[in-house]
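A short write-up of the structure that comes next.
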Amino acid sequence: MSTTTGPERTRVPGRRPFRRGWFIGASISLIWTFPVLVELWEGPSVAGRLVGTAIVVLFAAVFMATVPYARVTASRIRRLAPPLVLFALTLTLLPWLGADIRWMWTFVGVAFAVSAMGRKTTWLFIPALSALSFVVGEVMGADPLSNVVNSAIILSISIMMHSFIENISTLERLRSAQEQIAELAAERERSRVARDVHDILGHSLTVITVKAELAGRLMDAGSPAARDEIAQIESLSRGALADVRATAHGYRGVSISGELAAARAALESAGVSADLPGSTDQIPVDRRELAGWVVREAVTNVVRHSGATACRVRLDGRSIEIADDGCGPSSTASTGSGLTGLRERVESSGARLTIGRSDLGGFRVKVAW
């Protein structure tokens with residue numbers, strides 16, 4: 001058993017600690033030591049009464065400290081100390097109580113049960129303690145019925161407490177697992193938003209940059225087309241802002257048809273010849289959003305990094321491929337944040353991404369599903 005399965009090893013915010021409940025329940029259970037005190041004070045010796053009372057008080061203190069001690073003690077051997085001390089204290093009462101010390105062994109069994117000693121060890125110790133109680137009663141001539149009842153009480157209450165502690169530990173582990181799942185889900189969502197924002201802004205800002213450069217050249221040449229380019233830049237900026245807001249709210253969708261249209265505009269603005277398919281009907285419905293993301297990221301890389309003069313997009317029912325005639329893949333081609341995000345998106349959907357040199361001489365991105 002792990003050393004982190006004892007009572008209250010895992011603290012859960014908003015939940016009353018098990019230790020507090022233990023103090024309340026243990027305090028109430030100590031009422032059953034009063035008959036022992038009564039029997040001690042029926043003795044003739046005042047010194048004997050005081051010594052016996054002190055032993056019972058110490059017994060109660062050790063019993064109360066069992067769970068806090070088990071909580072801060074990692075070693076099983078050390079967690080065995082409280083029940084052993086309790087058992088030894090009962091033996092010191094033998095001169096006053098005789099065979100009646102067996103009635104205090106229920107506390108010993110409970111202390112062992114809550115010390116998180118492990119299921120196998122517990123199922124050996126508690127029945128053995130119950131059997132010892134029965135044997136001692138028989139040897140010392142105790143009433144047969146009360147002897148059986150006492151042994152049954154030790155066994156049943158101790159096993160019940162052991163089962164209770166097992167349930168508490170299981171619940172704590174489940175709560176801890178739920179917290180970890182929530183953290184992983186939040187981290188995954190943050191990664192998704194970061195990846196989407198990168199893909200959206202990377203594409204939009206690349207097109208805006210290209211169009212701004214074109215608008216600058218047109219303005220220098222005194223061409224009235226500069227005004228149209230600036231208007232398109234404004235429209236692209238507004239669209240990028242809307243996309244980022246939509247992504248943050250988690251409802252932005254990407255379509256292959258829309259991305260192909262955007263890709264044509266971006267490539268033409270960058271002076272790259274675009275060879276794009278006229279139809280997207282062959283792509284399965286459940287793969288169209290993924291195909292849209294592939295086109296968006298790959299075309300952004302063509303415009304931003306490739307230095308290409310031509311870009312080709314090919315689609316079929318099983319894959320999508322984007323190729324250019326630019327500078328081709330480099331040693332760091334697979335390490336960019338854009339391609340890394342695309343790879344994560346592709347692999348999470350069960351598809352496969354391959355990157356290499358195209359037959360046009362440049363870069364090739366292919367996703368197959």
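Every value quoted in this text rests on a predicted model; they were computed, and no experiment measured them. All heavy atoms count here, side chains included; hydrogens, waters and symmetry mates do not. Numbering starts at 1 and runs along the sequence shown.
Looking only at distances, a side-chain donor or acceptor of R318 sits under 3.5 Å from a matching main-chain atom of W369. Checking side-chain atoms of S29 against main-chain N and O of A26 turns up a donor-acceptor pair under 3.5 Å. Side-chain atoms of R102 come within 3.5 Å of backbone atoms of A99 as a donor-acceptor pair (strictly under, hydrogens ignored). Side chain of S223 to main chain of M219: no donor-acceptor pair is present (N/O by atom type, distance under 3.5 Å, no hydrogens or angles). W22 places a side-chain N or O within donor-acceptor distance of the main-chain N or O of M64, the cut-off being under 3.5 Å.
Between F59 and M104 there is a side-chain heavy-atom pair separated by less than 4.5 Å. Between E297 and V365, the closest side-chain pair of non-hydrogen atoms is not below 4.5 Å. At a threshold of 4.5 Å between non-hydrogen side-chain atoms, the residues P83 and S115 count as touching. With contacts defined as side-chain heavy-atom distances shorter than 4.5 Å, the pair L93/V56 qualifies. Side chains of P277 and V313 form a contact here, defined as non-hydrogen atoms less than 4.5 Å apart. Contact check for I28 versus F23: no side-chain heavy atoms found under the 4.5 Å cut-off. Annotation: side chain of F363 is not in contact with side chain of C327 (no heavy-atom distance under 4.5 Å). You'll find the side chain of S349 reaches within 4.5 Å of the side chain of R287, heavy atoms only.
Rounded to the nearest 0.5 Å, atoms CD (E289) and CD1 (I256) are 11.0 Å apart. The distance from the CG atom of N301 to the CZ atom of R304 is 7.0 Å, given to the nearest 0.5 Å. Put simply, CD1 on I154 and OG on S130 are 5.5 Å apart, with the number rounded to the nearest 0.5 Å. From T121, atom OG1 reaches atom CG of L80 across 9.0 Å, with rounding to the nearest 0.5 Å. If you take CG on N167 and NE2 on H162, they are separated by 9.5 Å, rounding to the nearest 0.5 Å. M161 CE to S158 OG: the interatomic distance, rounded to the nearest 0.5 Å, is 9.0 Å.
Aromatic ring pairs are classed by plane angle as parallel below 30°, tilted from 30° to 60° and perpendicular above 60°; the pair F107 and F63 is perpendicular.
Nearest heavy-atom pair across A308 and G326 is CB-N, 3.6 Å. Here the closest heavy-atom approach between residue A113 and residue I126 is recorded as CB-CD1, 4.2 Å. P127 and L155 make their closest contact through CA-CD1, 4.0 Å (heavy atoms, listed as atom of the first residue, atom of the second, distance). Between S319 and K366, the shortest heavy-atom distance links the atoms OG-CE, 3.7 Å. A351 and V367 get closest at one heavy-atom pair: CB-CG1, 4.0 Å. Minimum heavy-atom separation, I283 to R288: O-NE, 3.1 Å.
Just one residue in the list L260, V272, L267, L276 forms a side chain to side chain contact (heavy atoms under 4.5 Å, CB included) with V299, and that residue is L267.
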Step by step, work out the side chain to side chain contact (heavy atoms under 4.5 Å, CB included) result for R345 and V294.
-> CA-CA 9 Å; R345 190 188 301 277; V294 175; over 6 Å; no
W41 and T53: side chain to side chain contact (heavy atoms under 4.5 Å, CB included), yes or no, with the steps?
-> CA-CA 8 Å; W41 280 86; T53 301; 2.9 Å; yes
Kindly determine whether R364 and D359 satisfy side chain to side chain contact (heavy atoms under 4.5 Å, CB included), including the steps that lead there.
-> CA-CA 8 Å; R364 179 179 67 93; D359 57 351; over 6 Å; no
Run the numbers on L97 and E39 for side chain to side chain contact (heavy atoms under 4.5 Å, CB included), then give the verdict.
-> CA-CA 7 Å; L97 303 180; E39 188 171 348; 3.7 Å; yes
Determine, step by step, whether D324 and S358 satisfy the side-chain hydrogen bond (donor to acceptor under 3.5 Å, both in side chains) criterion, reporting the C-alpha distance in whole Å, the side-chain angles of both residues, the deciding distance to 0.1 Å, and the verdict.
-> CA-CA 7 Å; D324 64 64; S358 73; 5.4 Å; no
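L132 and L84 fall within the same hydrophobic cluster, where Ile, Leu, Val, Met, Phe, Trp and Tyr residues are linked whenever their side-chain heavy atoms come under 4.5 Å apart, directly or through other members. Both I153 and W123 belong to a single network of hydrophobic side chains, linked directly or stepwise wherever heavy atoms of I, L, V, M, F, W or Y lie under 4.5 Å apart. One hydrophobic cluster, built from ILVMFWY side chains closer than 4.5 Å, holds both L86 and L91. The hydrophobic cluster containing L40 does not contain V57, counting ILVMFWY residues as joined when their side-chain heavy atoms lie under 4.5 angstrom apart, directly or transitively. In the hydrophobic clustering of this structure, M160 does not group with L124; members are Ile, Leu, Val, Met, Phe, Trp, Tyr whose side-chain heavy atoms approach within less than 4.5 Å, directly or through other members.
Summarising the local packing, CZ of R352 is surrounded by 12 or fewer heavy atoms from other residues, nucleotides or ligands at distances under 6.0 Å. The 12-atom threshold is exceeded at CZ of R357, counting heavy atoms of other residues, nucleotides or ligands nearer than 6.0 Å.
Between E321 and R312 there is a salt bridge, with a side-chain nitrogen of the basic residue lying less than 4.0 Å from a carboxylate oxygen of the acidic one.
With hydrogens and angles left out, the side-chain atoms of T309 and D325 include a donor and acceptor closer than 3.5 Å.
Residue pairs satisfying the ring-ring contact (aromatic ring centres under 6.0 Å, His included) criterion with at least one member in residues 75-103, sequence neighbours excluded, are listed as follows: F87-W105.
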